[in-house]
Amino acid sequence: MSYGIVEAQTKSSDGSLLAPTPPMGWMTWNYFADNFNETDIREMADAMVSSGMVKAGYNYLFIDDGWQGGRDNRNNIIPDSKKFPSGIKALADYVHSKGLKLGIYSDAAPLTCGGYTASLNFEEQDAKTFASWGIDYLKYDYCGAPDDVEIAKTRYKKMADALRNSGRDIVLGVCEWGGRKPWLWAGQVGGQLWRTTGDVRDKWRSLKPVKTLKDLDTEGAGILDIVDFSQDHASYAGPGRWNDMDMLVVGLYGKKGPSGDFGGVGCTIAEYQSQMSLWCIMNSPLAASNDVRNMDAETKRILLNEEVIAINQDVLGKQAVCKIKNDTWNVYVKPLANGDAAIAIVNRSESIQNAKINFAELGLSETYEIKDLWEHKVITKGKKWNGKVQRHETKLFRLKKI
């Protein structure tokens with residue numbers, strides 16, 4: 001089956017592009033799993049405002065799996081009445097009053113990954129329900145669905161069309177974990193973003209070598225693994241079409257739960273900072289998943305770095321391309337709307353390394369002012385950069401022609 005180049009759900013009701021930059025927000029799953037309620041969500045909304053996250057651009061609050069309470073006698077999907085005694089509409093109104101948008105979760109099968117009620121064969125009805133509640137985003141998972149790519153296309157298109165017909169602008173996040181190569185088709189069937197791998201774990205990388213996405217599912221995907229499996233899809237990304245590298249694990253520090261499975265024992269500050277740098281330069285959606293109500297100074301410093309976020313939210317929408325890749329280094333280059341370029345230099349190795357980067361070898365032939373976006377200062381000018389990079393550190397620079 002082919003859908004050509006016509007996309008099912010690209011424009012909002014006013015004719016503007018849906019998700020013109022990668023969505024940013026906070027997601028329930030890694031911190032709460034399916035154990036949360038409306039009070040938790042309200043507290044997180046409050047904390048997103050008071051911590052400065054909303055000001056920094058994190059404007060979605062995403063409710064993941066576990067909110068559902070089945071269907072009523074008319075087959076309308078309903079929330080768990082114990083978790084959400086006030087209902088989702090009242091919660092959405094509260095979240096909107098804080099300057100945030102509300103995301104919700106379902107699955108393209110009868111049941112979700114957690115065994116809750118899902119949306120197969122109820123797409124139109126559920127989309128209208130979500131719209132009536134004031135939902136702004138749907139994460140649409142794929143547990144319990146067939147492996148076949150054509151069935152996946154059909155099921156995702158059916159929900160995308162239903163969202164388009166719901167009377168409300170609702171962004172669709174395609175979450176089938178990369179096995180059916182959604183970067184080739186998800187935008188055409190109506191998604192604005194699509195997951196490139198299985199779930200992220202709170203670790204730097206898998207302990208064993210991984211060659212396929214199935215290997216990654218067995219070992220658990222670390223930060224570097226997801227980068228390696230996502231970096232070849234840059235040509236498919238752009239405004240309204242994003243490669244989703246899953247949630248940020250910054251600030252989880254090895255918390256037990258979903259992100260702590262498969263060896264997710266936590267990361268160093270350098271590794272958390274690397275995740276932020278790499279998710280930003282590769283234009284992944286940014287979904288924090290730590291406890292926003294109780295953030296330490298390092299977590300705030302990483303998540304709220306507006307100069308780094310600006311790389312992710314740059315309106316040109318070009319995902320960085322990997323220019324150098326070997327056992328020691330990954331080097332990425334991303335063009336920016338004002339003519340600047342961002343570069344990320346990743347030390348993959350287990351020790352401090354001396355980097356010698358000639359910008360001309362990256363396709364950058366001018367003389368540049370080099371700004372370190374973590375140091376918040378111009379560090380030098382020239383046609384190259386030499387310096388030390390710590391184990392698992394990522395240097396993130398903004399280059400301006402002079």
S.K.: Can we say Arg348 and Asp228 salt-bridge, meaning some charged N sits less than 4.0 Å from an Asp/Glu carboxylate O?
M.R.: yes

S.K.: Taking atom types as modelled, is there a side-chain donor on Ser289 or Asn30 under 3.5 Å from an acceptor on the other?
M.R.: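 Yes, side-chain donor-acceptor contact under 3.5 Å.
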
S.K.: Take atom CG of Leu207 as the centre, draw a 6.0 Å sphere, and report whether it contains more than 12 heavy atoms from other residues, nucleotides or ligands.
M.R.: no

S.K.: Once you round to the nearest 0.5 Å, how far does OG1 of Thr196 lie from CE of Met282?
M.R.: 7.5 Å

S.K.: Mind checking whether Ile281 and Ile311 have side chains closer than 4.5 Å, heavy atoms only?
M.R.: yes

S.K.: What residue pairs, at least two apart or across chains, pass salt bridge (charged side-chain N to carboxylate O under 4.0 Å, His left out) with a residue in residues 275-287?
M.R.: none

S.K.: Taking the six-membered ring of Tyr94 as reference, does the cationic atom of Arg42 (NZ for Lys, CZ for Arg) lie under 6.0 Å from its centre and within 45° of its axis?
M.R.: yes

S.K.: Considering residues at least two apart in sequence or located in another chain, which fulfil the side chain to side chain donor-acceptor pair (under 3.5 Å) criterion with Ser206?
M.R.: Asp225

S.K.: So, is the end of the Lys255 side chain (NZ or CZ) under 6.0 Å from the ring centre of Tyr31 and within 45° of the ring's axis?
M.R.: yes

S.K.: For Ser349 and Gln353, run side chain to side chain donor-acceptor pair (under 3.5 Å): C-alpha distance rounded to whole Å, both residues' side-chain angles, the deciding distance at 0.1 Å, then the answer.
M.R.: CA-CA 8 Å; Ser349 80; Gln353 299 288 337; 3.1 Å; yes

S.K.: Going by distance alone, is a donor N or O of one side chain under 3.5 Å from an acceptor N or O of the other, for Gln125 and Asn75?
M.R.: no

S.K.: Do Arg71 and Phe122 meet the cation-pi criteria used here (NZ or CZ under 6.0 Å from the six-membered ring centre, within 45° of the axis)?
M.R.: yes

S.K.: What's the spacing between Lys388 NZ and Asn354 CG if we round to 0.5 Å?
M.R.: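 Separation between the atoms: 4.0 Å.
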
S.K.: Any donor-acceptor pair under 3.5 Å linking the side chain of Glu38 with the backbone of Ser86?
M.R.: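 Flag set: sc Glu38 to bb Ser86 pair under 3.5 Å.
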
S.K.: Would you confirm whether Asn243, through its side chain, and Arg195, through its main-chain N or O, come within 3.5 Å as a donor-acceptor pair?
M.R.: no

S.K.: Can a salt bridge be assigned to the pair Glu307 and Lys371 using a cut-off of 4.0 Å between side-chain N and carboxylate O?
M.R.: yes

S.K.: Side chain to side chain donor-acceptor pair (under 3.5 Å) with Thr112: which of Asp107, Asp65, Asp64?
M.R.: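 The passing option is Asp65.
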
S.K.: What residues, two or more places apart in sequence or in another chain, satisfy ring pair (Phe, Tyr, Trp, His ring centres under 6.0 Å) together with Trp385?
M.R.: Phe397

S.K.: With a 3.5 Å distance limit and no angle check, can you tell me whether Trp279 reaches the backbone of Val227 through a side-chain donor-acceptor pair?
M.R.: no

S.K.: Using the side chain to side chain donor-acceptor pair (under 3.5 Å) rule, take Ser277 and Thr394 through it: C-alpha gap first, then chi angles, then the decisive distance, then the call.
M.R.: CA-CA 7 Å; Ser277 295; Thr394 299; 5.3 Å; no

S.K.: Does a salt bridge link Asp291 with Arg293, judged by any charged N lying under 4.0 Å from a carboxylate O?
M.R.: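 Salt bridge between Asp291 and Arg293, a charged N being under 4.0 Å from a carboxylate O: yes.
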
S.K.: Can you tell me if Tyr253 and Asp296 form a side-chain donor-acceptor pair at under 3.5 Å?
M.R.: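 Looking only at side-chain atoms, Asp296 and Tyr253 do form a donor-acceptor pair, the distance falling under 3.5 Å.
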
S.K.: Name all pairs fulfilling the salt bridge (charged side-chain N to carboxylate O under 4.0 Å, His left out) condition that reach into residues 83-103, sequence neighbours left out, sorted by first residue then second.
M.R.: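 Passing the test, one end in residues 83-103: Asp46-Lys98, Lys89-Asp93.
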
S.K.: Under 3.5 Å, is there a donor-acceptor pair linking the side chains of Tyr368 and Asp340?
M.R.: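 There is no such pair between these side chains.
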
S.K.: Testing the 3.5 Å rule here: is there a donor-acceptor pair between the side chains of Thr117 and Gln68?
M.R.: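 No, because no side-chain N or O of Thr117 sits under 3.5 Å from a partner of the opposite role on Gln68.
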
S.K.: Which residue pairs pass the side-chain hydrogen bond (donor to acceptor under 3.5 Å, both in side chains) test when at least one of the two sits in residues 171-183, sequence neighbours left out?
M.R.: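 Sorted pair list: Asp141-Trp177, Glu176-Arg180.
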
S.K.: Consider only side-chain N and O atoms of Asp202 and Tyr272, and report whether a donor and an acceptor are under 3.5 Å apart.
M.R.: yes

S.K.: Only pairs at least two apart or in different chains count here, so list each disulfide bond (SG atoms under 2.5 Å apart) that has a residue in residues 118-179.
M.R.: Cys113-Cys143

S.K.: So, the side chain of Glu271 versus the backbone of Thr268: is there a donor-acceptor pair under 3.5 Å, distance only?
M.R.: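 Indeed, once roles are kept as given, a pair shorter than 3.5 Å links the two residues.
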
S.K.: Charged N to carboxylate O under 4.0 angstrom, Arg391 versus Glu350?
M.R.: yes

S.K.: Does any donor atom in the side chain of Asn283 or Lys334 lie under 3.5 Å from an acceptor atom in the other side chain?
M.R.: yes

